[in-house]
Amino acid sequence: MPHSSERQRGTATGASGGGPHVAVFGHRRDGHARALIRRLETAGARASFVALPACLFSTRHPKGLSVPGFGPELPAGAFVRGIAAGSFEAVTRRLGVLHALRELGVPVWNDARAIERCVDKSMTSFLIGRAGIPTPDSWTIEGRAEALRIVRRETLRGPLVLKPLFGSQGRGLRLIRMAGELPEAEAVSGVYYLQRFMGRDGPEHSDIRALVSRGRVVAAMRRRAIHWITNVKQGGRPEAIALDGELASLALRAAAAVGADFAGVDILVGEDARPYVLEVNSMPAWSGLQSVAGSDIAAEIATDFLAALREGFGARIAG
């Protein structure tokens, strides 16, 4: 972290000396990234879209890290909209950029630790369960033989959902009712993440997505579908809802458990009428939610991000 107040002030206000110059990281400049950049600039910041693969680690650089568009300086803050898929080495290096920014004193939403915790569903389940938050029973194991033993034992009580350890938007989910439905190890990269299916029987299925930002629920929706996979990208129909105190509290506690400043929290009310947190997304899209929300979600997020930036910068100067 920079040691002089003047150096910290220069980083926080950006190269122009006006509003803070921040980075919006993503693998493509999608509608969400464009909307966020517009709202950040409306709020007085300078915002530059940056592809993580273009960042450079260099011991010759004054900071040890070069971020395109920021010259010899660093962003005042960084918002991570997305991380492109790639080889293990490439993704590790991209996360390393986010780790390095944090080490250099740059606020990152969400930082690499939170992203890693949410991308790995087994770690998300571990942290949520450890925090005492209701969540479906889950098992993560390498190797089909042990996964089969779990399936044979647990499907006696009802179906399990097999999810890709790394995945989003409802892609790759399978309902496992018997051992014969468990795929070969190659189909799941050798890792089986199994979660108790908590959905209700009936002609319609639903769950809840709550968007959390800076310790508050910005907006929430119920997703309805004729299929048990309710993601909007998979055909789920969104409808706006106001979360009651219990559901809002669950969403906030789940985001806090994984260390996320901003997150999409999925909650399902089971057949036992109890709510369960299914997972937490640290880089959520919000187009489906925006279609039913009563507020401008990108503006809400931009406002929260810049407020956190101001508070964090003030704390660093005071220290």
Side-chain angles (χ1 to χ4, degrees), residues 11-12 14 19-26 32-33 35-47 75-83 98 101-102 105-119 124 127-128 131 133 208-221 240-267 277 279-290 293-319:
T11 300
H21 189 189
V22 302
V24 175
F25 287 115
H32 292 83
L36 188 61
I37 288 170
R38 285 196 302 270
R39 301 305 185 268
L40 286 165
E41 292 180 341
T42 297
R46 294 177 59 207
F79 189 98
V80 185
R81 172 65 200 105
I83 298 177
L98 303 182
L101 286 170
R102 179 177 179 273
V106 176
V108 182
W109 272 35
N110 284 304
D111 70 21
R113 298 170 307 165
I115 291 171
E116 289 165 350
R117 291 165 180 168
C118 292
V119 167
T124 305
L127 291 170
I128 290 174
I133 298 167
I208 292 166
R209 162 60 66 92
L211 195 69
V212 173
S213 175
R214 203 166 179 247
R216 67 190 180 101
V217 175
V218 171
M221 65 178 170
I241 60 169
L243 296 191
D244 62 26
E246 180 186 13
L247 293 176
S249 175
L250 279 182
L252 298 180
R253 289 171 59 201
V258 299
D261 301 291
F262 160 70
V265 180
D266 292 342
I267 301 171
V277 173
E279 56 187 72
V280 183
N281 190 325
S282 63
M283 296 177 286
W286 59 83
S287 57
L289 182 55
Q290 184 61 76
S295 62
D296 184 329
I297 292 174
E300 297 265 12
I301 296 166
T303 298
D304 285 350
F305 174 64
L306 293 177
L309 196 66
R310 286 191 298 271
E311 287 187 8
F313 173 63
R316 293 198 299 278
I317 293 297

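For Arg113, the side chain to side chain donor-acceptor pair (under 3.5 Å) partners two or more places apart in sequence, or in a different chain, are Asp111. The side-chain contact (heavy atoms from CB on, under 4.5 Å) check on Ala131 picks up Ile133, Ala257, with sequence neighbours excluded. Asp304 pairs by the salt bridge (charged side-chain N to carboxylate O under 4.0 Å, His left out) definition with Arg216, not counting sequence neighbours. Applying the side-chain contact (heavy atoms from CB on, under 4.5 Å) rule to Ala47 yields the partners Val22, Ile37, Leu40, Glu41; only residues at least two apart in sequence or on another chain are considered. Every residue meeting the ring-ring contact (aromatic ring centres under 6.0 Å, His included) condition with Phe79, not counting sequence neighbours, appears here in chain and number order: Phe262, Phe305.
Ile83 places a side-chain heavy atom less than 4.5 Å from the side chain of Leu98. Residues Thr303 and Arg214 are not in side-chain contact: their nearest non-hydrogen atoms beyond the backbone lie 4.5 Å or more apart.
The nearest pair of heavy atoms linking Arg209 to Pro284 is NH1-CB, 3.8 Å. Across all their heavy atoms, Gly82 and Met283 have their closest contact at CA-SD, 3.7 Å. Ala43 and Leu306 get closest at one heavy-atom pair: CB-CD1, 3.5 Å. The heavy-atom pair separating Leu101 from Pro75 by the smallest distance is CD2-CD, 4.3 Å. Shown here for Asn110 and Val80, the closest heavy-atom pair between the two residues is O-CG2, 3.6 Å. Closest heavy-atom contact between Pro20 and Leu309: CB-CD2, 3.9 Å.
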Applying side chain to side chain contact (heavy atoms under 4.5 Å, CB included), run through Ile301 and Arg39 and close with a yes or a no. CA-CA 9 Å; Ile301 296 166; Arg39 301 305 185 268; over 6 Å; no
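Not one N or O on the side chain of Ser282 forms a donor-acceptor pair closer than 3.5 Å with the backbone of Ala263. Distance alone, capped at 3.5 Å, places no donor-acceptor pair between the Arg81 side chain and the Gly26 backbone. For the pair Glu279 (side chain) and Thr124 (backbone), a donor-acceptor distance under 3.5 Å is absent.
Between atom SG of residue Cys118 and atom CD1 of residue Ile128 there is a gap of 8.0 Å, rounded to the nearest 0.5 Å. To the nearest 0.5 Å, atom CD1 of residue Ile297 and atom CG of residue Leu289 are 3.5 Å apart. Rounding to the nearest 0.5 angstrom, the gap separating the CD1 atom in Ile208 from the CG atom in Leu243 is 6.0 Å.
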Show me the donor-acceptor pairs, under 3.5 Å and distance only, between side chains in residues 244-254 and residues at least two apart or in other chains.
from, atom 1, to, atom 2, distance (Å)
Asp244, OD1, Glu246, N, 3.2
Asp244, OD1, Leu247, N, 2.9
Arg253, NH2, Gly132, O, 3.4

